[in-house]
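Only heavy atoms go into these numbers, but all of them, side chains included; no hydrogens, no water, no symmetry mates. Quick caveat: nothing in here was measured; it's all calculated off a predicted structure.
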Number of protein chains: 2
Amino acid sequence: MARWEPNARGRLAQAAMDLYSQRGFEQTTVAEIAQRAGLTERTFFRHFADKREVLFAGADALQQALVGALEDAPRSLAPIDAVGIALEAVAAQLPERPDFSRRRQAIIDANPELQERERIKLASLAAAAADALRRRGVADPTAVLAAEMGIAVFRVAFERWISATNQQDLSRVIRDSLDELKAVTAGK
Amino acid sequence: MARWEPNARGRLAQAAMDLYSQRGFEQTTVAEIAQRAGLTERTFFRHFADKREVLFAGADALQQALVGALEDAPRSLAPIDAVGIALEAVAAQLPERPDFSRRRQAIIDANPELQERERIKLASLAAAAADALRRRGVADPTAVLAAEMGIAVFRVAFERWISATNQQDLSRVIRDSLDELKAVTAGK
DNA sequence: CAAACGATGACAGTTACTGTCATCAGTATA
DNA sequence: TATACTGATGACAGTAACTGTCATCGTTTG
């Protein structure tokens, strides 16, 4: 018989989501999360670097999808369009239904500390995209700007996607938002 | 005679900059900052919301300059060009010489927590710019995208400006960077 | 001149996070 | 089969960021 219940990390993440939803992020202590998961506070910090990180553990997979897609994209594509393809690869990593993303985003939107972490994760995505573009031969500052624009498009599209009224695929919303971006910088 | 030495806030900010530079942000305690300023830890937290905020207290003035310039800019300008003018107004708030900005940025670049705070401050600038654009009659998502583009341009330009080799005005670097942005989204 | 004010100090309390050592079921090794 | 090793967890003490609260006492105001 196993010495411990399996999937400690998953239980911690679930307990954290539940408590952050119910009481709010600040009003939840790590001790409470650990207790609900049947573990100790110390073990929480072995699985997650800090109290916020439990909501952002999935970011690594998104970053890998982004970079992989940029490496595979046809070299003939302009930087901004390669980024567009990469954004759709990121979208493919998310569940088809936005329910989970909505729950998670509501928690983040209710707390400034979590918004800080979200922004730095997005900045990290942008930096990884810029690196991948440079490996495609795109020079700075074009690489940085194309990457930042891609992330801006993703943010706008994601927000639309999880909005209550939206009916479309994230992939579709991304394409539309990218087109609007191109119109903006064309000075229209 | 005054009951206390004047400019407690300024002394705290100076002490913090000095110590963050010498020992690094993490290795500096708030108690040390307060002691160097001749005050107590409790007083530090009356002037600054947290240990990071002491490096970002100037952000309010930048935001006001940004919004003011957007309100004053000719309505005939395309959103992205109005944003360009607003960025130059922000630049005018900074000292002409990048020395101070370099010192400050070196501290931030050495610490992830400070980078989080920097990013959320920039995000706040972007949100304020988007609001100002909406008041100019620019619809979403154009307003959001133009604002985010502007902040991306500012980041790139600022980094160039404080680089050791740069000789140009921040204002000039901003104009150049904005032109490069336009080239990116034109699909070149 | 008395009362209200406002910046600061003193001090106790909470909690995020870290370092360190012990525990012990499972696994590899001699 | 006995022994050593491993790896996830617990136990526990410690640091430091931040908060709440009350006291202090020059300054300002009526």
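Computed from coordinates, the B/R117 CZ to D/dA17 P distance equals 14 Å when rounded to whole Å. Rounded to whole Å, the distance from CG on B/L114 to P on D/dA17 is 13 Å. Atom CZ in B/R11 sits roughly 11 Å away from atom C1' in C/dT8 (whole-Å rounding). Whole-Å rounding puts the B/Q27 CD to D/dA16 P distance at 11 Å. Between B/E32 atom CD and D/dC18 atom C1' there is a gap of 17 Å when expressed in whole angstrom units. Atoms CD (A/E113) and C1' (D/dC18) sit 11 Å apart, rounded to a whole Å. A straight line from CD of B/Q35 to P of C/dA10 spans 12 Å, rounded to a whole angstrom. C/dT15 atom P lies 17 Å from atom CZ of A/R52, rounded to whole Å.
One donor-acceptor pair, N or O on each side, does fall under 3.5 Å between the base of C/dG9 and the side chain of B/R46.
No side-chain heavy atom of A/L181 sits less than 4.5 Å from a side-chain heavy atom of A/V156. Residues B/V54 and B/L12 fail the side-chain proximity criterion, which asks for heavy atoms closer than 4.5 Å.
At the phosphate of D/dG10, OP1 or OP2 sits under 4.0 Å from a side-chain N or O atom of A/T43. In terms of phosphate contacts, A/H47 brings no side-chain nitrogen or oxygen within less than 4.0 Å of OP1 or OP2 of D/dA8.
Of the listed nucleotides (D/dC25, C/dT15, C/dT8), C/dT15 has the atom at the smallest distance from the side chain of A/T29. Nearest to the side chain of A/K51, among C/dC17, C/dA7, D/dT9, sits C/dC17. Distances from the side chain of B/R42 to the nucleotides C/dC17, C/dA10, D/dC18 place C/dA10 closest.
Atom CD of B/E159 is surrounded by 12 or fewer heavy atoms from other residues, nucleotides or ligands within 6.0 Å.
Using the six-membered ring where Trp is involved, B/F154 and B/F158 have ring planes that are parallel, under 30° apart on the 30 and 60° scheme.
Two residues, B/F45 and B/W4, neighbour DNA chain D, and the one matched to the more 5' nucleotide by heavy-atom proximity is B/F45.
A cation-pi contact, defined as under 6.0 Å to the ring centre and within 45° of the axis, links B/R104 to B/F56.
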